[in-house]
Q: 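One structure, pasted below without further comment.
Note that this is a predicted model, so its numbers are computed, not measured. Count residues from 1 along the sequence.
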Amino acid sequence: MPTKQLLPAARSWGTRFDSLPPSSPPASPSLRNGPLRDAQHSDDENASLDASDKRKDEKMPHDASVFVGSLPTNIDQVELARLLSSHLSEHAQVKNVKVVRDSKGGVCAFVQCEDAAAATSLINTLHSTEPKPFLGRHLRYEPARAFRTLLISYRSPVQFIPNAENSPAEYGRGKHVELDLPYAMRLWKPRNSRYLAILYNAEAVDAEAQASVNHVDSHIEHAMHLQPVKCDDETIRIICSHFGELESFKTWKPEENSGMYFVAQH
């Protein structure tokens, strides 16, 4: 039985993405005015939710989706998804519709198709025919993009040290002191965790040594250990690539006397 690792517990920051409840299909014409309409609606919704649970872990390729913009922001997500599904029901390429609302209240949707060819066909059809208003709006349809671009800058860590003799009226006076850079860093994914953990300096060195003693496979643990830690383009590239394959990585200096930036695209 392997020795239990005494590593610090990872902090869980949650996820930015919540599963969206799907919209229920419209009731059949024979039941629209009948006494069983509410019961039928509930059964359809439950069946739709069960199907969603089975599919929630399936990942659709990004090129099989169509981005939809210019949606109204004052409608509930479930209702908006239902209305948009009905609006696009004449297009056979449409398989599912997901509505996403960000923290600032913005709303967009992703229309999932069978494959990339179907998504391209849907966009071409929507762009080549006369626009059909959706709740009085002309919607914007674009290919869904999966690339994530990060603009990375660096500066030495500093700490503000207030003056010891400051009076209440002089609150906020002091100086910034540049701190020493870490000499070691370890990134890894603890067992049964969805998120990476990070340690610096002595804690990073001890954790790496403990993993070596216990013969922990770095690929299984998804671990990366840097010692020494250098703040150069190669080190930044290694750290970025640890979070996924890089499409491109380059330096960028917008002005002659400005600082250096790194642009990483996943």
Side-chain angles (χ1 to χ4, degrees), residues 11-26 45 48-49 51-53 55-116 118-153 194-196 240 243-250 252 254 261-266:
R11 298 173 64 185
S12 177
W13 296 96
T15 176
R16 295 181 299 162
F17 302 98
D18 298 324
S19 59
L20 296 175
S23 58
S24 59
E45 186 174 18
S48 182
L49 288 172
S52 176
D53 290 338
R55 299 192 306 264
K56 66 181 180 180
D57 292 329
E58 298 179 3
K59 293 184 177 180
M60 293 287 294
H62 73 275
D63 54 3
S65 297
V66 177
F67 171 85
V68 184
S70 302
L71 290 168
T73 60
N74 59 342
I75 301 178
D76 177 74
Q77 286 181 214
V78 176
E79 178 65 11
L80 186 58
R82 186 189 69 79
L83 293 173
L84 185 57
S85 296
S86 176
H87 181 72
L88 298 173
S89 60
E90 63 186 74
H91 301 284
Q93 301 96 325
V94 177
K95 299 300 179 183
N96 190 27
V97 174
K98 288 187 177 181
V99 174
V100 180
R101 187 184 300 272
D102 62 26
S103 59
K104 297 181 179 179
V107 176
C108 66
F110 293 93
V111 176
Q112 294 181 344
C113 302
E114 188 67 31
D115 50 32
T120 301
S121 173
L122 176 60
I123 293 175
N124 291 338
T125 300
L126 292 169
H127 286 180
S128 60
T129 57
E130 184 178 355
K132 184 171 67 172
F134 176 75
L135 301 178
R137 294 168 173 256
H138 290 291
L139 300 182
R140 180 164 49 95
Y141 302 97
E142 299 176 0
R145 297 179 175 86
F147 293 136
R148 294 172 295 172
T149 301
L150 303 177
L151 180 62
I152 306 166
S153 63
R194 297 175 55 189
Y195 309 103
L196 293 173
C240 290
F243 293 89
E245 183 179 356
L246 292 177
E247 183 74 14
S248 65
F249 182 87
K250 58 185 178 181
W252 177 56
Y261 296 85
F262 302 99
V263 181
Q265 188 176 64
H266 284 274

Q: State the CG-CG distance between Leu83 and Leu88, to the nearest 0.5 angstrom.
A: 11.0 Å
Q: Could you tell me the separation between the CD atom of Glu114 and the CG atom of Asn96, rounded to the nearest 0.5 Å?
A: 11.5 Å
Q: Show the nearest heavy-atom pair for residues Ser86 and Ser89, with the distance to one decimal.
A: O-OG, 2.8 Å
Q: Tell me if a side-chain donor or acceptor on Lys132 pairs with a main-chain N or O of His87 at a distance below 3.5 Å.
A: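 Such a contact is found between Lys132 side chain and His87 backbone.
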Q: What is the minimum heavy-atom distance between Val78 and Asp76, and which atoms define it?
A: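 That would be N-OD2, 3.1 Å.
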Q: Take Gln93 and Thr125 through the test side-chain contact (heavy atoms from CB on, under 4.5 Å) and record every step on the way to the result.
A: CA-CA 10 Å; Gln93 301 96 325; Thr125 300; 4.2 Å; yes
Q: Indicate the atoms forming the closest heavy-atom contact of Leu71 with Cys108, along with that distance.
A: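 In terms of heavy atoms, the two residues are closest at CD1-C, 3.6 Å.
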Q: Closest approach of Val107 and Arg101, non-hydrogen atoms and distance?
A: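 Looks like CG2-NH1, 3.4 Å.
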Q: Side chains of His91 and Val111: does their closest heavy-atom pair fall under 4.5 Å?
A: no
Q: Any idea which heavy atoms bring Ala118 and Cys113 closest together, and the distance?
A: CB-CB, 3.9 Å
Q: Determine all donor-acceptor pairs shorter than 3.5 Å in which one atom belongs to a side chain in residues 133-141; sequence neighbours excluded.
A:
residue : atom : partner : partner atom : Å
Arg137  : NH1  : Ser70   : O            : 3.3
Arg140  : NH1  : Glu142  : OE2          : 2.9

Q: Quick one: CG on Asp115 to OG on Ser65, what's the gap to the nearest 0.5 Å?
A: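 One finds 11.0 Å between CG of Asp115 and OG of Ser65.
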Q: CD1 of Ile123 to OG of Ser128: how many Å apart, nearest 0.5 Å?
A: 11.5 Å
